[in-house]
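Any value given below was found using the heavy atoms of this structure, including those in side chains, with hydrogens, waters and symmetry copies removed.
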Amino acid sequence: MNGTTQQATTSTEKIDVKGAHLVERVKELVHEGNVRRIVLEDSDGKTVMEVPVTVGVVGFLLAPTVAAIGALAALAADYSIEVERETPTRQTPA
């Protein structure tokens with residue numbers, strides 16, 4: 001080993017979307033690879049769904065999760081997506 005460790009931090013981003021684009025945007029976020037968690041909030045700011053995005057979720061639970069998000073998109077017009085991303089920082093000596 002080279003004696004260094006890479007530290008990762010998380011950052012949060014909020015994206016406003018209309019119901020018709022909700023499923024499409026969530027799929028894009030999942031495929032980015034650095035997303036750790038997605039929280040869907042309605043127009044009142046209440047959490048509707050929270051999805052941890054891990055390899056297991058992507059491979060095993062993505063289809064039912066996307067179906068549930070599609071059902072939500074049909075119910076209301078405005079949502080916000082809170083995205084928690086993992087951002088690598090600098091390498092430090094171990």
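Looking only at side-chain heavy atoms (C-beta outward), L29 and R25 come within less than 4.5 Å of each other.
Residues K27 and E24 are not paired through a salt bridge, judged by the lack of any N-O separation under 4.0 Å between the basic side chain and the carboxylate.
Taking CZ of R37 as the start and CD of E86 as the end, the distance is 13.5 Å to the nearest 0.5 Å. Atoms CZ and CD1, on R85 and I38 in that order, are 9.0 Å from each other to the nearest 0.5 Å. Here the straight-line distance linking atom OG1 of T10 with atom CD of E84 works out to 4.5 Å at 0.5 Å rounding. One finds the CE atom of M49 at 9.0 Å from the OH atom of Y79 (value rounded to the nearest 0.5 Å).
When atom types are taken as modelled, the side chain of D44 and the backbone of K46 share no donor-acceptor pair closer than 3.5 angstrom.
Every side-chain contact (heavy atoms from CB on, under 4.5 Å) that E41 has, sequence neighbours left out, goes to K14, V39, T47, S80, E82. Taking the side-chain contact (heavy atoms from CB on, under 4.5 Å) definition, one finds that S43 meets it with D78, sequence neighbours left out.
Each of V83, V35, I69 was evaluated against V26; a single residue qualifies, I69, per the side chain to side chain contact (heavy atoms under 4.5 Å, CB included) test.
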